[in-house]
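Only one structure is covered here, and it is reproduced in the block below.
What's counted below: heavy atoms across the whole structure, side chains too, no hydrogens, waters or symmetry copies. Counting convention: from 1, in listed order, for ligands and their atoms alike.
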Amino acid sequence: MTEITLYNTRTRRKAPFRPIDPGNVRMYVCGPTVYDRAHIGNARPVVVFDTLFRLLRHVYGDAHVTYVRNFTDVDDKINARAQRDGRGIREITDETIGWYHADMDALGALRPTFEPRATEYIGQMIAMCEVLIARGHAYVAEGHVLFSVSSYPEYGRLARRSLDEMRAGARVEVAPYKRDPMDFVLWKPSDADLPGWESPWGRGRPGWHIECSAMAHDLLGASFDIHGGGIDLAFPHHENELAQSCCAHPEGSFANVWMHNGFLQVEGEKMSKSLGNFFTVHDLLQKGVPGEVIRFVLLSTHYRAPIDWTEAKVEEATRTLRKWRGLTAAAEPSQDVASAVVEALGEDLNTPAAIAELHRLAGAGDAGGLKASAALLGLLTDALGGWAEAPDAGGAVSALIETLISERSAARKAKDFARADALRDGFAAAGVVVKDTAQGATWELAPEFDAAKLEALR
Ligand code: AMP
Ligand code: ZN
């Protein structure tokens, strides 16, 4: 069996991965808060942990891996969005989940085994709060239930910092009802205009961290193998999940291996709406960037390192995948995935090394090996890979290009050079490369193809 080695944020070390039960390898990854489209940074954990999911399935068998990724559908950001837009919360969360599925499907991400919604686990969260109170790890104050960090000497285990260090560095607003500034909210009261559920502490709603602990326990048990998410979640979210889960279920260890992906930035800068470099997965797909290209770019950097999203990488990935798709178009995948690819992924998910192996297979003309091995990274997996679908849903792009090319010939014949030139320049700007041949015009899409610019030529 392939040896998998994983870096564990908790121990700050790589170690051979030994599942609790090889017959049911269990992984939990924190999912999105659903009130808006997923941005390109949000796609990184999805693609990284999907690749790990594929590797685990490859090694332990498809039926022997359970992957849970939640939807946070109760959150103050969702409430604010509902109030701003005058819409119902459920309407917003349902719509956003639909978008999320469509966008992540386009990136070739398999659906997790379970995708629980937080609002379906309120009962389990309340029960967990009650256990924590009964065991002296939580207390009630002004309608809130708070976790008492001083009740758990191991608090700070994941961050590897002492409570004193954390208190000193804390910039938390200290609510008067907190016994310790580091105590965190498990449950809080809701006004009449906010979503709320009846509880022993009045009508209220959960704090953020408790949902993952409740859902992970319900679906994966008191101990499971891998817990993942972006590095921003390590503290306080994961620290708090770990503390409350171990206190409520001391028979278990919660997660054994903690994995965190590094952050994504764009062209060397932090992504932000004010810098104008903020974009969603949907924006990219709309622009005609195939989902497979997005996936390739995200996997071309090791998951723990920060990744810089650049236009140049998108173009490079487009060229590579075009070539590989051409090479493998008629090939049957070979029986076996190249062992060097499995080994690279087994080495703490070293996707850049795995991609280098794919280049080697392509260079050697091993189309079958390339097809089988790329599939383990979720690449070259289906007939489309988003290529036909994204840039040209239903052939609309080809139809428009053909129409505009005929219009250009008609304009030339009618000596309307202004329109003919405008179309020529417009094609160039939209990334449509038109070549006039003796048999008529041919065209192809350049990597920088921009559907909106083409549309504007109508
Ligand atoms: P959120 O919906 O904000 O809770 O985020 C969903 C997931 O995306 C979490 O695992 C975050 O850690 C991750 N994430 C958010 N922004 C970035 C980013 N810029 N780069 C990488 N991961 C991110
Ligand atoms: Zn979580």
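With hydrogens left out, the protein atom closest to atom 9 (C) of ligand 1 is L233 CD1, 3.8 Å, a heavy atom. Looking only at protein heavy atoms, the nearest one to atom 10 (O) of ligand 1 is G230 N, 3.1 Å. Annotation: atom 4 (O) of ligand 1 to nearest protein heavy atom, T33 OG1, 3.8 Å. Atom 13 (C) of ligand 1 has its closest protein heavy atom at P45 CG, 3.8 Å.
If you look at N261 next to ligand 1, the close heavy atoms, those under 4.0 Å, all belong to the side chain. Contact annotation: for N42 versus ligand 1, heavy atoms closer than 4.0 Å belong to both the backbone and the side chain.
H237 and W208 have their aromatic ring centers within a separation under 6.0 angstrom.
Looking at G41 next to ligand 1, an N or O pair under 3.5 Å apart turns up. In terms of polar-atom proximity, defined here as any N/O pair under 3.5 Å, L264 does make such a contact with ligand 1. No N or O atom of F263 sits closer than 3.5 Å to an N or O atom of ligand 1. At under 3.5 Å, not a single nitrogen or oxygen of R44, backbone or side chain, sits near a nitrogen or oxygen of ligand 1.
Ring geometry, F254 versus F224: the interplanar angle exceeds 60°, so the pair is classed perpendicular (tilted spans 30 to 60°). Note: F147 and F184 have parallel aromatic rings, judged against thresholds of 30 and 60 degrees for the angle between ring planes.
Residue Y303 is tested with T51, D348, N261 for a side-chain hydrogen bond (donor to acceptor under 3.5 Å, both in side chains); the sole match is D348.
Looking at E241, its N, O or S atom nearest to the Zn ion (ligand 2) turns out to be OE2.
Angle SG(C212) to the Zn ion (ligand 2) to NE2(H237): 110° [nearest 10 degrees].
A cation-pi contact, defined as under 6.0 Å to the ring centre and within 45° of the axis, is absent between R117 and Y121. Relative to the ring axis of Y7, R13 does not place its NZ or CZ within 45° and under 6.0 Å from the centre.
Which parts of ligand 1 touch D232 is read off a 4.0 Å heavy-atom cut-off, strictly below it: atoms 11 (C), 12 (O). With ligand atoms numbered from 1 in the order given, ligand 1 contributes 2 (O) to contacts under 4.0 Å with heavy atoms of P32.
If you take CD on E267 and NZ on K313, they are separated by 9.0 Å, rounding to the nearest 0.5 Å. Between the CE atom of M27 and the OG1 atom of T66 there is a distance of 10.0 Å, given to the nearest 0.5 Å. Of the inter-residue distances, the one linking H64 atom NE2 with N24 atom CG reads 9.0 Å to the nearest 0.5 angstrom. Remark: T301 OG1 to I307 CD1 distance equals 3.5 Å, nearest 0.5 Å.
Under a 4.0 Å heavy-atom criterion, Q265 is not in contact with ligand 1. For the pair G262 and ligand 1, a heavy-atom separation below 4.0 Å is found.
For D103 against H282, the heavy-atom pair with the smallest separation is OD2-CB, 3.8 Å.
Using a cut-off of 2.8 Å, one finds that H238 contributes no N/O/S atom close to the Zn ion (ligand 2).
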